[in-house]
Amino acid sequence: QDTHKYSGIVEDCCCDYETVDHLNEEVLYPSLQELVKTPFYRYFKVKLWCDCPFWPDDGMCRLRDCSVCECPESEFPESFKKPHHGLSSDDLVCQEGKPEAAVDRTLDSKAFRGWTETDNPWTNDDETDNAEMTYVNLQLNPERYTGYTGPSARRIWDAIYAENCPKYPSEELCQEERILYKLISGLHSSITVHLAADYLLDEATNSWGQNLPLLYDRVLRYPDRVRNLYFTYLFVLRAVTKATDYLEHAEYDTGNPIEDLKTKSLIKQLLYNPKLQAACPLPFDEAKLWKGQSGPELKQKIQKQFRNISALMDCVGCEKCRLWGKLQVLGLGTALKILFSVDGQANLGQTLQLQRNEVIALLNLLNRLSESVKFVHKMGPSAESIMGGQ
Ligand code: FAD
């Protein structure tokens with residue numbers, strides 16, 4: 001049974017919705033879920049310190065050494081700090097006061113060996129000062145509802161859409177600008193899907209679960225937002241498959257040989273899956289873009305816009321949202337770098353240079369998008385039937 005109403009080819013891509021759902025659930029989702037648990041992929045290096053370049057501190061930011069799952073008092077439900085029913089305490093307890101989850105600088109000499117510090121023209125790389133960086137165990141900080149809402153959150157999204165895509169959906173936008181818009185909108189959909197999938201239903205009892213009305217109201221009701229989610233998923237998948245050679249031969253040493261072997265084997269399982277190659281060999285065709293005389297100029301303009309979006313992540317007033325915002329925007333920036341900063345597929349292996357953090361962000365982003373696509377596909381019909389009549 002086709003469980004949602006989308007059919008045909010995902011706009012600007014090369015595969016259809018049904019194939020994407022099938023591939024995602026059969027092949028990609030299971031591998032990615034395993035991959036992001038490996039030591040290599042679960043630690044993300046990030047500057048969580050709020051350092052907004054666009055407007056003064058709005059009082060939402062926390063000190064840099066506060067727990068990553070702690071948001072401003074005004075926005076963060078008290079009950080978040082209590083253990084989560086039904087899950088192991090590791091899943092919920094804040095990093096604060098939890099030595100094994102706190103900043104772990106010892107990883108630096110292990111997991112980062114063999115990785116370059118190359119700049120990414122698509123992102124705002126202000127994060128070279130190691131003293132300001134912390135490591136976060138992503139497994140202990142799942143992306144979910146945090147209570148971050150109101151003017152602070154709205155201002156970020158408004159700035160992203162208004163400053164970077166002022167004209168959409170006007171016809172005037174060229175294909176490249178439309179693609180940037182779709183990537184942002186798809187990421188926005190995915191963030192909303194995650195908060196709908198893991199929502200604080202009752203503060204008093206600290207009960208968590210799905211919020212299907214929210215899923216419907218903020219995503220499903222707008223078919224474009226669903227389409228943009230699928231588009232973003234395929235775009236990032238294409239970047240991952242284009243970087244196959246690089247990812248296969250990258251240095252995954254974290255000092256744990258058994259786990260590191262598993263990481264390598266999961267990467268191969270993901271990249272060389274015959275079902276993926278048969279059903280959707282080219283998820284997105286990047287060769288169509290930046291054609292014509294204005295191509296290079298346009299690329300510079302869009303790179304600048306994306307760097308602004310990347311810089312805006314420092315203004316996100318909830319630490320955990322900032323963590324996932326930064327990770328996912330870095331992941332998108334890495335996808336853009338893989339697809340557009342290196343000319344021609346033939347010499348990609350020689351010319352592509354990625355930072356360790358970029359690879360972690362890229363694969364974790366793909367996993368987030370994969371989860372969102374799966375949730376929309378599985379729960380979409382129930383949400384539509386609950387809310388459809390309204
Ligand atoms: P918002 O989601 O804030 O949307 C603002 C406006 O943007 C909407 O009114 C609509 O006009 C438009 N819009 C909405 N979705 C789309 C779309 N897909 N495509 C195009 N336009 C759209 N909250 C959490 O609980 N957990 C998190 O992890 C989290 N992470 C965040 C990360 C970032 C980077 C940001 C900026 C915010 C994050 N938030 C998070 C807050 C969350 O995204 C919402 O802003 C918040 O829930 C308030 O939602 P809202 O209904 O006001 O609409």
Side-chain angles (χ1 to χ4, degrees), residues 46 48 50 52 54-55 58 60-61 68-72 74-77 79-80 123-124 136 138 141-169 173 178-201 203 208 210-211 213-233 306 308-333 361 364-365 368-369 371-373 375-376:
V46 63
L48 283 175
C50 182
C52 178
F54 298 107
W55 49 76
D58 60 6
M60 300 294 176
C61 289
V68 81
C69 57
E70 192 170 310
C71 274
S74 55
E75 297 189 11
F76 195 79
S79 51
F80 268 57
T123 52
N124 181 47
V136 172
L138 298 169
N141 294 282
E143 185 183 26
R144 51 150 66 176
Y145 175 75
T146 61
Y148 179 49
T149 184
S152 174
R154 176 54 73 100
R155 183 159 62 172
I156 312 279
W157 288 121
D158 283 355
I160 290 172
Y161 289 115
E163 286 175 26
N164 298 92
C165 327
K167 288 179 295 192
Y168 194 88
L173 278 189
R178 202 156 40 88
I179 280 171
L180 177 66
Y181 170 81
K182 284 164 63 163
L183 291 175
I184 294 304
S185 168
L187 175 61
H188 194 170
S189 301
S190 180
I191 290 174
T192 309
V193 169
H194 274 95
L195 64 103
D198 204 355
Y199 196 84
L200 183 61
L201 299 172
E203 251 185 273
W208 288 77
Q210 298 169 351
N211 185 338
L214 189 150
L215 178 72
Y216 180 82
D217 272 345
R218 298 216 218 154
V219 179
L220 302 179
R221 202 147 66 91
Y222 306 91
D224 266 3
R225 296 183 187 176
V226 175
R227 292 194 190 106
N228 293 340
L229 169 67
Y230 277 72
F231 171 80
T232 305
Y233 178 57
F306 196 81
N308 275 348
I309 293 175
S310 160
L312 271 165
M313 291 303 112
D314 275 325
C315 304
V316 174
C318 149
E319 208 170 43
K320 197 172 182 190
C321 311
R322 198 180 318 137
L323 163 68
W324 284 104
K326 283 191 159 204
L327 181 141
Q328 295 182 94
V329 168
L330 178 62
L332 273 186
N364 273 282
L365 168 65
R368 299 272 94 180
L369 294 166
E371 289 175 345
S372 296
V373 164
F375 193 72
V376 164

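When a ligand or atom number is given, it counts from 1 through the structure's own listing order. All residue numbers in this chain count up from 1 along the given sequence. FYI, side chains are in, hydrogens and waters are out, and symmetry mates aren't considered; it's all heavy atoms of this structure.
For ligand 1, the atoms closer than 4.0 angstrom to any heavy atom of I156 are 36 (C). In summary, the atoms of ligand 1 found under 4.0 Å from a heavy atom of A153, numbered by their order in the structure, are 45 (O). Those atoms of ligand 1 with a heavy atom of V316 less than 4.0 angstrom away are 34 (C). Set against the non-hydrogen atoms of I191, the atoms of ligand 1 under 4.0 Å away are 29 (C), 30 (N), 31 (C), 32 (C).
Looking at W324 and T146, their side chains never come closer than 4.5 Å, going by heavy atoms from C-beta outward. Counting heavy atoms from C-beta outward, E371 and E143 have side chains that stay 4.5 Å or more apart. Using a 4.5 Å cut-off on side-chain heavy atoms (C-beta onward), D314 and K326 make contact. When side chains are defined from C-beta on, L327 does not count as touching V46, because their heavy atoms never get closer than 4.5 Å.
Distances from atom 23 (N) of ligand 1 to the heavy atoms of L195, L214, N228, V329 show the closest one on L195. Closest to atom 16 (C) of ligand 1 by heavy atom, among K326, R225, E143, R154, is R225. Atom 53 (O) of ligand 1 has its nearest heavy-atom neighbour, among K320, R218, R322, R155, in R218. The heavy atom nearest to atom 15 (N) of ligand 1, out of those in Q328, K182, H188, is found in H188. Among Y145, W324, W157, Y161, the residue whose heavy atom lies closest to atom 33 (C) of ligand 1 is W157.
In summary, the side chains of S190 and S372 do present a donor paired with an acceptor at a separation below 3.5 Å, with no hydrogens or angles considered.
Taking atom 19 (N) of ligand 1 as the reference point, the nearest protein heavy-atom neighbour is S185 OG, 2.6 Å. If you check which protein heavy atom lies closest to atom 28 (O) of ligand 1, you get R144 O, 3.5 Å. Distance from atom 40 (C) of ligand 1 to its nearest protein heavy atom, with residue and atom name: C321 SG, 3.6 Å. Among all non-hydrogen protein atoms, the one lying nearest atom 34 (C) of ligand 1 is M313 SD, 3.6 Å. Atom 18 (N) of ligand 1 has S189 OG, 2.9 Å as its closest protein atom, hydrogens excluded (heavy atom only). Looking only at heavy atoms of the protein, atom 41 (C) of ligand 1 is closest to Y148 O, 3.4 Å.
Geometrically, ligand 1 and T192 share no nitrogen or oxygen pair separated by less than 3.5 Å. Residue contacts with ligand 1: T149 is placed with no nitrogen or oxygen under 3.5 Å of a nitrogen or oxygen of the ligand (distance criterion only). Checked against a 3.5 angstrom limit, the closest N/O atoms of Y181 and ligand 1 fall outside it.
The line from CE of M313 to CG of L330 is 11.5 Å long, rounded to the nearest 0.5 Å. Annotation: the span from S185 atom OG to L229 atom CG amounts to 9.0 Å, rounded to 0.5 Å.
Ion pairing between a basic and an acidic side chain is recognised when a charged N comes within 4.0 Å of a carboxylate O; D224 and R227 show such pairing.
Considering N124, V329, L183 in turn, V329 is the only one that fulfils the side chain to side chain contact (heavy atoms under 4.5 Å, CB included) rule with F306.
The proximity of T146 to ligand 1, defined as any non-hydrogen pair under 4.0 Å, involves the side chain as well as the backbone.
H194 is linked by a ring-ring contact (aromatic ring centres under 6.0 Å, His included) to nothing, counting only residues two or more places apart in sequence or in another chain.
Aromatic ring orientation, Y145 versus Y199: tilted (interplanar angle from 30° to 60°). Relative ring orientation between W157 and H188 is described as parallel, the plane-to-plane angle staying below 30° on a 0-90° scale split at 30° and 60°.
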